[in-house]
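So you know, we letter chains A, B, ... as the sequences are listed, proteins then strands, and number each from 1. These figures come from a predicted structure and were not determined experimentally.
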Number of protein chains: 2
Amino acid sequence: MPEAPPPRLDEIDALLLDLLQHDADRTLHDLGERVGLSPSAVQRRIARYRRDGLITRQVAVLDPHRLGPTVLATVLVTLDQESFEHHRAFAARMRADAQVQQCYRVAGPWDYVVVLASRSMRDCGRAGDRLFKADDNIRRYETLLVFDTVKTGLALPPPLP
Amino acid sequence: MPEAPPPRLDEIDALLLDLLQHDADRTLHDLGERVGLSPSAVQRRIARYRRDGLITRQVAVLDPHRLGPTVLATVLVTLDQESFEHHRAFAARMRADAQVQQCYRVAGPWDYVVVLASRSMRDCGRAGDRLFKADDNIRRYETLLVFDTVKTGLALPPPLP
DNA sequence: CGTCCGGACGCAATAATCTTGCATGCCCGA
DNA sequence: TCGGGCATGCAAGATTATTGCGTCCGGACG
């Protein structure tokens, strides 16, 4: 079991991680200046975050509407049969689909919240059909079309001290 | 008005952007090999994406549960007064709060979908109080606690050819 | 049909950044 | 008080990114 206890982080770690979560292509020199460390010390800390699996990857964030027409939607989904196997199959399908940006299994009357990214309204409808309508194990789903993205990102709040 | 028309992209651009969206710290050499270009050609394309605002930033993605105990939730929110000013104020508050990871304004009976990240269940409750309960312009909100993250990321599907 | 021009390319030199070996200093436990 | 482990800064050394230059298309125009 590779489930190591979360490594403990000092204040500099919190600072560094916060910086990296918002802008990961600063130089080690720049980062070092901001947190009061030398570039090599910063480099070693970051290497440790990677080893520990704390930083899983680094990604480029695109502006959806610069890429062309874009339609975002959040979809609330309730499965019919709740068996383990059905859940597994549903999750696998979400993971495999390029238009599914995020998918969370949630508590309450809805089973899943899905964030869908499409290139047109029509494309969005077809994604919904493909992902939810074609699946006869889905009891109900509701599509909430996104008018406006107020805030986006994957940043996590700093650990409680 | 800095709203230039979306620059047109060839197949190599689509490939590159897809690679960068999923793993942005490959070397130019590596990227070049995968798309069949020299490192410098890749570099110039990426520089152009940045200039055009297509790539807005590069971020490190953290594993929530490696950082310590983590509670995620999606919150559905309906405002009371729908005035422009009330919406602006709400949006500003979402953007300013570190525990709000994402916030979308949506169509339908709900006005907003909010993704909340907290360090404990208690913390989550307090965030909900702070963000939604203390605001007397919120008619109703519903918190969907996240059991499991099936898929995460901010990747967009490739443009239609 | 020929020429010109803009844009993208590869290569190679240069510049910037990252990585690592080493010696030092600090904190903690014996 | 005396180690041992660990993080640090500094200074090479290695990798990677950037840029200047000459070339090669492909379209516009004479």
Chemist: Name the closest nucleotide to the B:Gln43 side chain, picking from C:dG10, D:dT18, C:dC18.
Modeler: D:dT18
Chemist: Using atom CG of A:Asp25 as one end and atom P of C:dC18 as the other, report the distance to the nearest whole Å.
Modeler: 10 Å
Chemist: Just compare D:dG9, C:dT19, D:dT19 and give me whichever is closest to any side-chain atom of B:Ser40.
Modeler: D:dT19
Chemist: What is the distance, to the nearest angstrom, from the CD1 atom on B:Ile46 to the C1' atom on D:dA17?
Modeler: 10 Å
Chemist: What is the separation between atom CG on B:Leu28 and atom C1' on C:dT17, rounded to the nearest whole Å?
Modeler: 12 Å
Chemist: Name the closest nucleotide to the B:Ala41 side chain, picking from D:dT18, C:dC9, D:dT8.
Modeler: C:dC9
Chemist: Looking at residues at least two apart in the chain, or sitting in another chain, which of them share a side chain to side chain contact (heavy atoms under 4.5 Å, CB included) with A:Asp135?
Modeler: A:Phe90, A:Arg93, A:Asn137, A:Ile138
Chemist: Looking at D:dG20, C:dC18, C:dG21, which one has an atom nearest to any side-chain atom of A:Arg44?
Modeler: C:dG21
Chemist: Identify the two heavy atoms, one from A:Cys103 and one from A:Met94, that lie closest to each other, and give their separation to 0.1 Å.
Modeler: SG-CG, 3.7 Å
Chemist: For the pair made of CZ in A:Arg45 and P in D:dC6, what is the distance, rounded to whole Å?
Modeler: 15 Å
Chemist: Could you state the atom-to-atom distance from CG of A:Leu31 to P of D:dG9 in whole Å?
Modeler: 14 Å
Chemist: In whole angstrom, give the distance that lies between atom CD1 of B:Ile12 and atom C1' of C:dC9.
Modeler: 10 Å
Chemist: Among B:Arg8, B:Arg48, B:Arg44, which one satisfies salt bridge (charged side-chain N to carboxylate O under 4.0 Å, His left out) with B:Asp13?
Modeler: B:Arg48
Chemist: Whole-Å distance between D:dC6 C1' and A:Arg48 CZ?
Modeler: 11 Å
Chemist: State plainly whether the residues B:Asp10 and B:Arg45 are in salt-bridge range, i.e. N to O under 4.0 Å.
Modeler: yes
Chemist: What is the distance, rounded to the nearest whole Å, between atom CZ of A:Arg51 and atom C1' of C:dT19?
Modeler: 14 Å
